[in-house]
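Here the structure is laid out as C-alpha cells; the discussion comes afterwards.
Protein chains get the first letters and strands the later ones, always in sequence-line order, with residue 1 at the start of each.
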There are 2 protein chains.
Amino acid sequence: MSTIKDVAKLAEVSVGTVSKVISRDPTVKAALRERVLAAIETLGYRPNHSARALRTNRIDVIGLVVPDITNPFFAQLAKCIEAEAAMRNLTVMLANSHDDEATERRQLSTLLDRAPRGVIIVASSESGRLEYQTDIPIVSVDRRFQTYPLISTHHAEGSAQLAKHLIGLGHRRIAYIAGPQNTRVGRARKEGFATFFTRELAADPNASLRFYDGHYDYQSGEDIGREILAEDPAVRPTAIAAASDQIAIGVMRAARDLDISIPDQLSVTGFDDIDLAALIVPRLTTLKQPTAEIGAAAVSVLIAEDESAEDIKLRGEIVVRGSTGPVNALLTGKSQRV
Amino acid sequence: MSTIKDVAKLAEVSVGTVSKVISRDPTVKAALRERVLAAIETLGYRPNHSARALRTNRIDVIGLVVPDITNPFFAQLAKCIEAEAAMRNLTVMLANSHDDEATERRQLSTLLDRAPRGVIIVASSESGRLEYQTDIPIVSVDRRFQTYPLISTHHAEGSAQLAKHLIGLGHRRIAYIAGPQNTRVGRARKEGFATFFTRELAADPNASLRFYDGHYDYQSGEDIGREILAEDPAVRPTAIAAASDQIAIGVMRAARDLDISIPDQLSVTGFDDIDLAALIVPRLTTLKQPTAEIGAAAVSVLIAEDESAEDIKLRGEIVVRGSTGPVNALLTGKSQRV
DNA sequence: CTGAAAGCGCTTACAG
DNA sequence: CTGAAAGCGCTTACAG
C-alpha cells in the first residue's frame, strides 16, 4: 500500500502539497496538481483514514442507533440515512439497542468513542442517558433522546388528516384505538385525532368519539376490535381509527371473523403505511410517514452542526385505499346531516 | 479528553505500561496494574481508536454490504451480525448496494479503505468485482461474491423437506413455482425439490411434478397461481410449492379469488418464513431460513481469518402451519395408494 | 518486569 | 505558492 510519501516522491513535491491536492486546496497551482494527480493514479494511492482521523480527530462516519433494525420503519429510515450519508462520503455505523436502555447507553458510548461526525438515535425510552459529556452532534429521530433536537412525523397533524377523511365520509360514531399513552408518539396521535374531531363536530349531537388504549400490535387490534364489533350495529362505531397499521390489520381480522364487511359496514384506518397495508384485502387507508424526508433531515441537521438546531416535524401524507368508504345509511341510526 | 500520557503521569508509569494494561498484557505486575486502572478510572480515560488504528492498521469494525436493508431477510441478518459483532466489541458499518453492481463496488471499496476486520457481503449479482486487491477477509452470505466463501441456507435440502412434507400428506400432483433460474439460489431450491420428488416417486404412475418459472414476488404467485387453478380440479395439482413466501402468498390470493379453499382443496408451501407467513389466514407452511445461525457463522469465519475457509450450508427448519393438509380424496382422480 | 523511543500516515500552522 | 517540520495518540520491538 503506497503512502502520501510515495506520491510526493513520484510527483517530486512535498507531502504537504499532496495533502493539499487531496483536500482540494485551491492554492495549489495547476501544474503541480496535475503531477500529483498523475502520481496518485499510477500508484493507486488511497489515503489512510486512520492517520487522517488521528490528526483531525474525526472520522467520516455517522452513527445510527435504532431499537430494532428489523422493524420496517427503522429499516426504511436506515436505508434513507445510509443513502444520504453515502452522498456525502460518509459511512453509517449501525447499532441495535433492542429497546434496552443499558444496551443503548453502551452502544452510544461505543459509537461516540470513535469520534463520528454525529450520531442519529431513535431513543429506546424517554429516560435514556449519556455516559459522559460529548461535543459530537446528536439528533433524535421519531423518539426523542434526552434534550437533543427531534425530527419526526407530525403525528398530531397526520391523525387530524385521518379524522378529516373519516368525517368527510360521513362517519360520526368513531372509535380510536390508541398506542401506549406513556409515550409522546402515542399521545400525539391520539390528541391530534381527538382535537380535530371535537373541533369539527362540536355542534353535532350525533357525533361520538370513543377511545381504547392498546399497543402497536395485531393482537391489540384484534382483541379491541372484537370487543367493539360485538355491539349492536345500530349503535356501534361505523369507523375505527387505529394508532398503527398493525392495530388496524388486527381490527380487520376481527371484522372478517365476525362477517362484518369492510368498508361497507365498517371503515378502518391505520397509521404508518407499512408494506403490508397495501397487500391485505381490502387495502388499508393510512397515513404514510415521510421516512425519506426524516432521514434526509436528520443527516442535514447533523452535518450542519447547527448549534441552535430545533425540532422538525414533517408532514405525512394520507393514502386513501379500500378500507374506508362512505358511512352506510343503515348503520347511522338516523338520517345523516352532512 | 485525557490521553494515555495523562494516565501514565498520574499512575507514575510509562505510557508503554499503560498500553500493556489496556491490552491485558499479563507481564504487568499487579501493583502497577492497579495503579494504572485507578488512574484510568479517575481520569475517565477512553483510548483513542484512531491512534490505535493507525498503529495496528486495523479498526474494530465489520463491514456489511446488503442489497437492501428493508428486505426483512437482510434486516434480520444485519441484526444478528450486529449482535455477534457487539459481543466481540466490534461495530458494524452498513452499506446498501441497491442490487447495483457499480454501487456495490464503490461501497465495498469505501469499506475496505477503512481497514475493517472483515467484510460480509450479500452479493448483488454473480459477477461482482473488487476494485483492487485486499488482504482483508471477506465472506459472502446468501449470494456468493466472487470466489469468497459462502454461508447460506441449504436451499436444496430445505426444498426437499417441503417436498417430503407434501408427499407425506398424500400429494402426488404438485406444481413448483420456481424463482429466477439465472440465480444459484433459484436453481438450488428448484433442484432440491425436483430431486427429492423424483427419487421418492419414481415408481408412482400417478406422480407428476410441473414447473413454472417466476420471480420472488406476489404478482408472480398470483398470476401463475391463477393459471394453474383455472384447470379442471380433477387434473390440476393438489399442492403448489413456491420458491418464496411472497410467491406462495400470491398463490393464496389467487385461490381465494377463485373460491378454492386452502388447505381443503389446495395445499400451499413457501420458503423463507417472513413475518407475514404467520399473519395471513391460513398461516403458511414454509421453510424457516436459519438467519441467526448464518449471521453468527459469518462473523465467526471472518474473525477466525481462516485462510482455508470453506462454504457453509446451514439447515433450515420446516414450519408446518395451516396452508397444507392431507390431499382431498375427491381431487385425486383415483383412490390413493400411500 | 518496566521504560525510552521510534514510528504509523497524515494535516496544518509557519517560514520563505 | 510550496516545503520543512511538528505532532496527533497510540503500539511495539528493544534495552536494561
Checklist entry - Under 6.0 Å from the CG atom of A/Asp275, do we count more than 12 heavy atoms belonging to anything else shown? => result no
Checklist entry - Does the distance from a Lys or Arg side-chain N to an Asp or Glu carboxylate O, for B/Arg315 and B/Glu157, drop under 4.0 Å? => result yes
Item to check | Candidate nucleotides D/dT11, C/dA4, D/dG9, ranked by approach to the side chain of B/Arg52 - the nearest | outcome: D/dT11
Which pairs, protein N/O on one side and nucleotides 12-16 of chain C N/O on the other, fall under 3.5 Å?
| residue | atom | partner | partner atom | Å |
| --- | --- | --- | --- | --- |
| C/dT12 | O4' | A/Arg55 | NH2 | 3.2 |

Checklist entry - Hey, does the side chain of B/Thr3 come within less than 4.0 Å of D/dG9's phosphate (OP1/OP2), counting only N and O? => result no
Checklist entry - Across all strands, who's sitting opposite D/dC14 as a Watson-Crick or G-U wobble pair, both distances under 3.5 Å? => result C/dG3
Checklist outcome for this item: In whole angstroms, the gap separating P of D/dT11 from CD1 of B/Ile22 amounts to 6 Å
Checklist entry - Would you call A/Glu12 and A/Arg35 a salt bridge, using N to O less than 4.0 angstrom? => result no
Checklist entry - Which sits closer to the 5' end of DNA chain D, A/Glu12 or B/Val18, going by the nucleotide each is nearest to? => result A/Glu12
Item to check | Interatomic distance where NZ belongs to A/Lys5 and P belongs to C/dT11 [whole Å] | outcome: 14 Å
Checklist entry - B/Val13 has a side chain; which of C/dG3, C/dG9, D/dG3 sits nearest to it? => result C/dG3
Checklist entry - Considering heavy-atom distances to DNA chain C, does B/Thr27 or A/Tyr45 have its closest nucleotide positioned more toward the 5' end? => result B/Thr27
Checklist outcome for this item: Whole-Å distance, B/Lys29 NZ to C/dC1 P, equals 7 Å
Next on the checklist: For the CD atom on A/Glu34, are there more than 12 heavy atoms of other groups (residues, nucleotides or ligands in this structure) within a distance under 6.0 Å?
Outcome noted: yes
Item to check | Non-neighbouring partners of A/Asn57 that pass side chain to side chain donor-acceptor pair (under 3.5 Å), sequence neighbours left out | outcome: none
Item to check | salt_bridge(A/Arg184, A/Asp142) N-O dist < 4.0 Å | outcome: no
